[in-house]
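Contents: one structure, followed by commentary.
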Amino acid sequence: MEDKDIIELYFARDEQAIESTRDKYGRLLRSIAYGILRSHEDSEECENDTYFKTWNVIPPTRPNAFQAFLAKITRNLSLDKYDQLHAAKRGSGEVPLMIEELEECIPDAVATATDDESDNTELARILDEFLSSISEDARKMFMRRYFYGDSVNEIADKYGFGKSKVKMSLSRSRESLRELLAKEGYYG
Amino acid sequence: MDKNENAYKLLRALGEVDEKYIEESMVEPKAVKVTPLNHRSIIALRWAAAAVVLITSSLLLLKIFVTDTSKTVNTSNDHAMMQEEAAAINDDAYSGAVSDSNNSYGAAENSYDAAPEEDYLVIETAAEGSVAETTAATAAAEEATDNGEAGAPSDVQDRSVDRIDVDSIDELVNMAGFEFIVPDEVNGSSERQYGFYENGIAEVTYLDVSGETICTVRKGPENVNVFVNDCCFSQARKIDIEDGPQNVLISGNGQTWQLAIWSYNGNSYAVTTVAVDMDTMTNIVAAVS
């Protein structure tokens with residue numbers, strides 16, 4: 001079923017919309033959640049929460065890119081779940097490693113950042129600018145690592161690159177992002 | 001707000017980037033790969049099944065006749081003895097690697113009766129098979145190969161068990177609950193795929209540049225079938241791996257080898273591959289744990 005047809009089912013408040021979404025994107029959404037949570041049980045829970053949230057936001061929202069729209073929801077829910085599971089500290093899995101790596105992107109002269117929505121939007125704008133400035137391969141590797149939570153080994157497997165190439169590309173991308181953040185004066 | 005918190009904020013903000021970047025880097029999880037046979041191969045296998053049943057029946061009748069008429073007739077020759085010895089080794093090894101003897105390799109006719117209408121390429125012959133049975137099965141496999149279907153022997157261990165494709169060896173190990181070390185590449189393979197069967201078997205498949213399977217490595221608990229296909233081999237031998245598994249049963253045809261099965265440290269293993277020489281097969285087995 002085409003995405004637009006599934007979206008129409010949501011607008012018609014037809015519960016078949018959820019089944020169609022599950023059929024078409026269930027595996028994808030579970031894999032995204034698993035990349036963050038590394039737990040099949042929690043991943044399934046996030047997948048189901050994704051359908052629930054999608055049901056609640058469509059309508060009025062009409063997504064242009066349905067699978068990316070779903071992927072965003074699943075990722076955000078997975079990170080929320082991760083926060084909930086590891087309230088005291090970051091815990092284990094890929095997330096602490098991702099955060100540790102992303103610390104390299106933060107310029108040394110760190111200013112106190114605000115927590116409001118506009119701050120997040122501004123960061124996303126800088127990230128968009130950064131992503132548009134790097135090569136397609138580098139961008140894919142960066143997104144697989146920090147959006148989808150893939151390990152270096154998994155990225156190497158998916159794209160048929162050597163592990164050292166993946167590590168090198170990610171390292172360069174983080175350095176580029178750090179420079180851009182400093183230039184934008186976001187943290188520095 | 002420290003660096004760690006800012007880094008986490010960055011991680012969260014990545015969830016708000018332009019959707020085109022999310023789509024661009026999206027990798028659809030691999031679908032379960034099941035390769036159905038084409039019509040010609042199905043016909044070939046049905047003929048082979050009929051041939052095996054016919055020959056088995058003939059041999060049974062011949063055996064009855066020989067037993068009744070003369071106790072002194074020697075029906076063996078050197079070649080036949082070698083084949084029966086190989087079949088006997090097969091028997092030993094299978095019973096070692098597969099603890100559930102009730103689920104082992106029954107009579108040929110039963111196996112074919114159980115073949116589903118979908119006809120996946122699985123040929124099961126009697127482990128106690130005679131020369132004639134082995135030859136017929138080999139011929140069938142060769143016919144299937146001639147039809148371009150069987151570069152490597154098929155090895156679906158149980159068609160009723162669902163396979164779940166996973167994206168990486170790490171994920172496979174996580175699902176299986178045991179370590180699984182496999183070679184990075186086999187015979188110039190260009191891609192690896194990973195699957196987990198619900199009965200506990202982990203599987204790594206090696207593909208060549210054209211996407212054809214050239215080798216499959218499986219590991220599972222000792223009490224689970226990791227392999228049920230002994231269809232098309234004219235010889236078998238046991239080998240020992242230095243500092244590794246002992247009594248590894250390898251099977252093949254002529255000077256080449258296509259199958260290895262063994263048990264080690266409470267697990268069963270199976271390797272199926274396109275025909276390779278002894279050194280290559282030994283190296284593959286030695287690299288698996």
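Quick note on labels: first sequence line is chain A, next is B, and so on, each numbered from 1. In this text, all values refer to a predicted model and were calculated from it rather than measured experimentally.
The shortest non-hydrogen separation linking B:Arg12 to A:Asp80 is NH2-OD1, 2.6 Å. Heavy atoms only, all atoms of each residue included: A:Asn76 and B:Gly15 are closest at OD1-CA, 4.2 Å. Between B:Leu11 and A:Arg75, the shortest heavy-atom contact is O-NH2, 2.7 Å. Nearest heavy atoms, B:Ala13 versus A:Ala124: O-CB, 4.0 Å. Residue A:Cys105 comes nearest to B:Leu10 through the heavy atom pair CB-CD2, 3.9 Å, listed as atom of the first residue, atom of the second, then distance. Looking at every heavy atom in both residues, A:Ala71 comes nearest to B:Met26 through CB-CE, 3.9 Å.
Here the side chains of A:Met143 and B:Glu24 are not in contact, with every heavy-atom distance at 4.5 Å or above. Side-chain contact between A:His40 and B:Asn174 is present, with at least one heavy-atom pair separated by less than 4.5 Å. No side-chain heavy atom of B:Asn6 sits less than 4.5 Å from a side-chain heavy atom of A:Glu103. Under the 4.5 Å side-chain criterion, counting only non-hydrogen atoms from C-beta, B:Glu16 is not in contact with A:Thr121. Residues A:Gln67 and B:Ile22 are not in side-chain contact: their nearest non-hydrogen atoms beyond the backbone lie 4.5 Å or more apart. The shortest distance between side-chain heavy atoms of B:Ser25 and A:Tyr148 falls below 4.5 Å. Here the side chains of A:Phe142 and B:Leu14 are in contact, with some heavy-atom distance below 4.5 Å.
Proximity to chain B involves both the backbone and the side chain of A:Phe69, based on heavy atoms less than 4.5 angstrom apart. For B:Asp170, the part lying near chain A is the side chain, with the backbone staying farther off; criterion is any non-hydrogen pair under 4.5 Å. Only the side chain of A:Leu177 has a heavy atom closer than 4.5 Å to any heavy atom of chain B.
More than 12 heavy-atom neighbours from other residues, nucleotides or ligands sit within 6.0 angstrom of CD on A:Glu175. At most 12 heavy atoms of other shown residues, nucleotides or ligands fall within 6.0 angstrom of atom CE in A:Met168. Summarising the local packing, CZ of A:Phe52 is surrounded by 12 or fewer heavy atoms from other residues, nucleotides or ligands at distances under 6.0 Å.
Among A:Ala65, A:Ser151, A:Pro63, the residue with the largest count of heavy-atom pairs under 4.5 Å with chain B is A:Ala65. Heavy-atom pairs under 4.5 Å with chain B were tallied for A:Lys72, A:Glu104, A:Lys140, A:Glu136; the largest tally goes to A:Lys72. Put simply, of A:Met141, A:Glu100, A:Arg139, the one with the most heavy-atom pairs under 4.5 Å next to chain B is A:Arg139.
A donor-acceptor pair under 3.5 Å is absent between the side-chain atoms of A:Lys158 and the main chain of B:Ser168, judged by distance alone. Although no hydrogens or angles enter the test, the distance criterion places no donor-acceptor pair under 3.5 Å between the side chain of B:Tyr8 and the main chain of A:Pro96.
No salt bridge links A:Arg125 with B:Asp18; every basic N to acidic carboxylate O contact stays at or beyond 4.0 Å. A salt bridge between B:Lys20 and A:Asp128 is absent, with no side-chain N of the basic residue lying under 4.0 Å from a carboxylate O of the acidic one.
Side-chain contact of A:Asp157 with B:Tyr194: a donor-acceptor pair under 3.5 Å is present, judged by distance alone. Counting only N and O atoms by type, the side chains of B:Asp167 and A:Tyr34 include no donor and acceptor under 3.5 Å apart.
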